[in-house]
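Taking it in order: structure first as structure tokens, then the write-up.
Below, chain A is the first sequence line, B the second, and so on; all start at residue 1. Below, all heavy atoms of this structure are taken into account, side chains as well, without hydrogens, waters or symmetry copies.
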Number of protein chains: 2
Amino acid sequence: MDFISHLSSNNIKPSVQRIKIFEYLYKNTNHPTVDIIYKDLVGDIPTLSKTTVYNTLKLFIDNGITSTFTIDGNEARYDAIMEEHAHFKCNDCGQLYDVEIEALKLKFSKLNDFQIDNTNIYLKGICNKCLTK
Amino acid sequence: MDFISHLSSNNIKPSVQRIKIFEYLYKNTNHPTVDIIYKDLVGDIPTLSKTTVYNTLKLFIDNGITSTFTIDGNEARYDAIMEEHAHFKCNDCGQLYDVEIEALKLKFSKLNDFQIDNTNIYLKGICNKCLTK
DNA sequence: CACTAAATTTGTAATGATTACAATTTTATA
DNA sequence: TATAAAATTGTAATCATTACAAATTTAGTG
Ligand SMILES: [Mn+2]
Ligand SMILES: [Mn+2]
Ligand SMILES: [Zn+2]
Ligand SMILES: [Zn+2]
């Protein structure tokens with residue numbers, strides 16, 4: 001994965017901050033918050049500002065290389081995976097799982113004549129690890 | 001719908017505020033925010049405090065007679081409908097629609113051995129009214 | 001290499017929803 | 001009525017996010 005050309009080909013000028021933030025998001029698939037991203041990167045880029053993290057993530061989203069979602073109305077979480085997928089949060093250990101939606105044949109008969117641009121699904125419960133212990 | 005006995009049978013002492021707030025939620029199916037509820041009721045109950053609205057809704061949720069969800073990480077919205085259903089938000093007119101999920105046979109093969117307690121679905125796009133105009 | 005304009009980054013202040021908490025009021029109980 | 005418990009209220013604190021202006025970096029021109 002060449003981060004610089006990935007940014008460039010999506011009309012994002014590849015500054016140091018942008019490269020590092022995207023790289024971080026690409027390698028850390030645990031849906032970090034702004035605060036987590038900032039705290040993990042400020043060692044690398046000592047002048048980094050949290051505002052830059054906010055601005056940069058907004059830029060990524062506007063240019064379609066990052067997605068965002070919110071669980072339970074708390075902090076926004078970010079994801080470099082752009083394929084539509086659901087999320088599962090374990091109420092016991094707090095772990096956030098990616099869930100592929102193979103049967104997105106969701107029938108919403110009421111929405112026959114609606115244009116659906118975006119499907120957002122998240123599930124809550126107990127994960128397999130927590131169930132077996 | 002007898003609101004007083006509905007509250008009582010769910011272990012909620014029916015104060016004036018609680019009755020009015022639940023009645024409001026039951027009759028206004030447009031998923032109001034705390035602010036909307038407060039502004040609409042303060043005429044009726046001039047001493048009403050926004051904190052009471054927050055406290056009361058939390059009580060309703062804890063006792064299972066109200067559900068809550070958040071769209072786009074903004075203010076929480078409240079719903080007296082407890083049957084599991086999805087929501088559709090029109091990106092044009094902003095209207096929020098209830099959507100019944102008839103085929104909640106959603107197959108999440110990855111979650112075979114997970115316990116799913118809660119399914120949260122919301123969709124975004126353009127509603128039929130906005131499409132035809 | 002200067003010089004200048006545009007783009008990016010940064011720090012601080014403002015906003016807005018939600019929560020904490022202590023004081024006041026209302027309700028239940030003896 | 002007297003007292004304790006429960007509910008309500010108002011204010012202050014918290015915390016994520018945004019606004020904004022200053023500072024820095026980058027790009028373009030001669
Ligand atoms: Mn994900
Ligand atoms: Mn609803
Ligand atoms: Zn777990
Ligand atoms: Zn519409």
Side-chain angles (χ1 to χ4, degrees), chain A residues 3-4 7-8 10-25 31-63 65-79 96, chain B residues 3-4 6-8 10-25 31-63 65-79 94 96:
Chain A
F3 299 113
I4 293 177
L7 294 177
S8 298
N10 284 93
N11 303 312
I12 297 169
K13 221 168 283 181
S15 69
V16 177
Q17 289 87 342
R18 290 169 179 177
I19 296 166
K20 285 281 172 72
I21 290 172
F22 190 80
E23 182 181 5
Y24 181 89
L25 212 54
H31 312 92
T33 63
V34 164
D35 203 58
I36 293 171
I37 298 170
Y38 172 76
K39 288 203 170 102
D40 279 358
L41 286 182
V42 76
D44 252 336
I45 316 169
T47 62
L48 185 64
S49 158
K50 204 179 270 189
T51 302
T52 299
V53 181
Y54 276 106
N55 291 342
T56 302
L57 290 168
K58 182 178 183 338
L59 183 72
F60 289 174
I61 290 164
D62 289 347
N63 291 69
I65 64 168
T66 294
S67 66
T68 184
F69 63 98
T70 309
I71 296 263
D72 298 333
N74 295 319
E75 304 154 271
R77 294 178 166 276
Y78 298 87
D79 197 335
L96 206 54
Chain B
F3 299 112
I4 293 177
H6 184 240
L7 293 177
S8 298
N10 283 94
N11 303 312
I12 297 169
K13 222 167 283 180
S15 69
V16 177
Q17 289 87 341
R18 290 169 179 177
I19 296 165
K20 284 282 171 71
I21 290 172
F22 189 81
E23 181 182 6
Y24 181 88
L25 213 53
H31 313 92
T33 63
V34 164
D35 202 60
I36 292 171
I37 298 170
Y38 172 76
K39 287 202 171 103
D40 280 357
L41 286 181
V42 76
D44 251 336
I45 316 168
T47 63
L48 185 63
S49 159
K50 203 179 270 189
T51 302
T52 300
V53 180
Y54 275 106
N55 292 342
T56 303
L57 290 169
K58 182 176 182 344
L59 183 72
F60 289 174
I61 291 164
D62 289 347
N63 290 68
I65 64 168
T66 294
S67 65
T68 184
F69 62 98
T70 309
I71 296 264
D72 297 333
N74 294 318
E75 305 153 272
R77 295 178 166 277
Y78 298 87
D79 197 335
L96 207 56

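Of the residues in residues 14-25 of chain A, those placing a heavy atom less than 4.0 Å from an atom of DNA chain C are A/S15, A/Q17, A/R18, in numerical order.
With sequence neighbours left out, A/D44 forms a salt bridge (Lys or Arg N to Asp or Glu O under 4.0 Å) with no residue at all. Scanning for salt bridge (Lys or Arg N to Asp or Glu O under 4.0 Å) contacts around B/D62 gives B/K58, with sequence neighbours left out. Remark: A/D72 pairs with A/K124 by the side-chain hydrogen bond (donor to acceptor under 3.5 Å, both in side chains) rule, at least two apart or across chains.
Within the nucleic acid shown, B/T33 has no heavy atom closer than 4.0 Å to any nucleic acid atom.
When atom types are taken as modelled, the side chain of B/T33 and the backbone of B/I36 share a donor-acceptor pair closer than 3.5 angstrom.
A straight line from CG of B/L7 to C1' of D/dA6 spans 16 Å, rounded to a whole angstrom. If you take CG of B/L57 and C1' of D/dA7, they are 15 Å apart, rounded to a whole angstrom. Per the geometry, CG belonging to A/N55 stands 10 Å off P belonging to C/dT10, to the nearest Å.
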Contacts under 3.5 Å, N or O only, protein and nucleotides 17-20 of chain C:
unit_1, atom_1, unit_2, atom_2, d
C/dT18, OP1, B/A76, N, 3.0
C/dT18, OP2, B/Y54, OH, 2.8

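For the pair A/S49 and C/dT9, the criterion of a side-chain N or O lying under 4.0 Å from OP1 or OP2 is not met.
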Could you list the donor-acceptor pairs under 3.5 angstrom formed between side-chain atoms of residues 12-24 of chain B and any protein atom two or more places apart in sequence or on another chain?
unit_1, atom_1, unit_2, atom_2, d
B/S15, OG, B/R18, N, 3.2
B/R18, NH1, B/K13, O, 3.1
B/E23, OE2, B/K27, NZ, 2.6
B/Y24, OH, B/D40, OD2, 2.4

